[in-house]
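Convention: sequence-line order gives letters A, B, ...; per-chain numbering from 1. Because only heavy atoms are used, hydrogens play no part in the values below, and waters and symmetry mates are left out as well, while side chains stay in.
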Amino acid sequence: VNLPRRPDTSPPPYRAGRLSYRFRLTAALIAAAVLPVLGFGIVTLLFVDTADPSATVARVLLLSIAVSVMFALLLALLLAAELSSPLRAIADSVERAAAGEEPTSPELPGDDELSRLAESHSRLARDLNRRGRELRRVLDILESTTLGEAPEQLAVRAADAAREAFGMIDCEVLLIDPREIPYEEPVPGEAIPARAVLIANGEAQGIAVGHLPATRPWERADQDLFELFAIEVAAAVRNAQLYARVERQNRQLVELDAAKDDFLRGVSHNLQTPLASIRGYAQQLASESPDRRLSIITEQADRLSRMVRQLLMVSRIESGALRPAQEVFAIAPHVRRTWEALGHTDVSLTLDDRAAGWLAVGDPDQLDQVLWALLDNAVVYGGRSSIEVDVVADEAAGRLFATILDHGPGVGDVDRDRLFRRFERGTERPTGEGSGLGLYVSRELCRAMGGDLELEPARAGQGATFTISLLAEPPEEG
Amino acid sequence: VQLTPTESRLLYALAANLGQTMTTETLLARGWADTEDADPSYVWVTMRRLRQKVELDPNKPAHLLTVRGIGYRLVSAGDAGRA
């Protein structure tokens, strides 16, 4: 939107000579008052013989002329000073107005050039002062906008501010396409229409329209100020709109998140119940007539049940509801038991316990979940190669480290960064296996216990190597 | 002070036998009835952590006393001098 610019019609500036006004005024007065007397004196000198003793009259005359010239000079200087005093007063007033102070508005009698000058200067000073006040008022209003104020509310407040600041009869700020408001021609003697488009980022946000009393001067500077006001309001409106949008999206996200948590809880509960009965009946059948297929059903039901638990764990982690226990326990027995529960009898596991009796501090159930995920990963992604688990105590740091190493292809560079993210699976790994949550949940569980879970740098001849670290205590009596 | 379930069980067992020495084995049975691989070091470490929570100076315990080679004993403030 382009603002219409009026053509420049200002006349060429007035140029005076090099001499100051005061000097020229003084010169004119001297010329008017002193020259005739001086001329008379010269004529007297030329035609009267001052040497003649009888010419006393002439001498007195000459003396009086000299005195008159001196008086005239003095009078001319005084008059010049007096005559330029109104100009000085006007200049002072304008200077005060320019400095933002109340102008003094000198009043001169009559209707001549000087009184017109004084009047127009006073008006100029008053206008300048008024516009300064209006601008301050408008800026005050805009500064008082609070974050989160609705754009419509802001528009109402801006209209009130404009009415008050510009002394309008009425004013409206409309957040619509400016073309919808027809242009109003000013009619002499009636209220003056004023309009300004709200522009922010080169986009019309709306329009401010209003009317001014017919008696109020509405000049180009006033219109410029009104347009400046409109631009400031547009920026505030745009900010308010953006803020409202962000707020709305935020609310939606929070609602969606809550819905997702509810969904996850519902799903995991609805899955756990049938899984429990499948497992129960399979075990019951197996005890009556042992069958390899029944134990597979039991194993797979357990597996599924753990995945569902991981899913539930995600929403607990994200809502910050994880409250791990702070029990003391040895790590190696948990590794052994988890491995047995996994039931991968075709894969060999070497457990090297060098913890020297150090006990981990944390939640044994959570550690079981972590171990289950890491050992299961080691089997699946390690291509059923052998697995090594080392448990080491770092006595100086007061920590226990459990390292789980497989002999598979390891983790590619692409996957390293993504591995611990939610719902991510390695790109070079079998698809369809696992939930993509195991490592994410495991790391969060470890961290909640004051420990951590990390993927070790790749080394030749080794597959993926994960290290669990946990807080630990020495096994000393005391 | 926030005690873990196991710490509470041990403290309760010791308080029930105030002034008497309880063997490490007994405490182990009280605290870790459901844990398969528990050994005496579980009791030692838990007692140390318990002292850090309830004793003014955990290095000079006034209430939770070690009876070296046997077990532990809880004494009340008045008995501390005699113990």
Pairs under 3.5 angstrom only: tabulate donor-acceptor contacts from the side chains of residues 359-371 of chain A to other protein residues two or more places apart or in another chain.
from	atom 1	to	atom 2	distance (Å)
D363(A)	OD1	D365(A)	N	3.0
D363(A)	OD1	Q366(A)	N	3.3
D363(A)	OD2	A325(A)	N	2.9
D368(A)	OD1	H334(A)	ND1	2.8

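Ranked by heavy-atom pairs under 4.5 Å with chain A, the list D39(B), T35(B), T46(B), V45(B) is led by V45(B).
Proximity of a side-chain donor or acceptor of Y42(B) to a complementary backbone N or O of E327(A) within less than 3.5 Å is not detected.
We find the CD-CZ distance between E473(A) and R49(B) to be 5.0 Å, quoted to the nearest 0.5 Å.
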- Could you check Q326(A) against Q2(B) for side-chain contact (heavy atoms from CB on, under 4.5 Å), going step by step and ending with a plain yes or no? CA-CA 10 Å; Q326(A) 292 243 302; Q2(B) 187 97 40; over 6 Å; no
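Contact of P5(B) with chain A is made through backbone and side chain together, with heavy-atom distances under 4.5 Å.
Counting non-hydrogen atoms of neighbouring residues, nucleotides and ligands closer than 6.0 angstrom, the CZ atom of R9(B) exceeds 12 such neighbours.
A salt bridge links R337(A) with D37(B): at least one charged nitrogen is closer than 4.0 Å to a carboxylate oxygen.
Between V328(A) and W44(B), every side-chain heavy-atom pair lies at or beyond the 4.5 Å cut-off.
Residues S41(B) and G357(A) come closest through the heavy atom pair OG-O, 4.4 Å.
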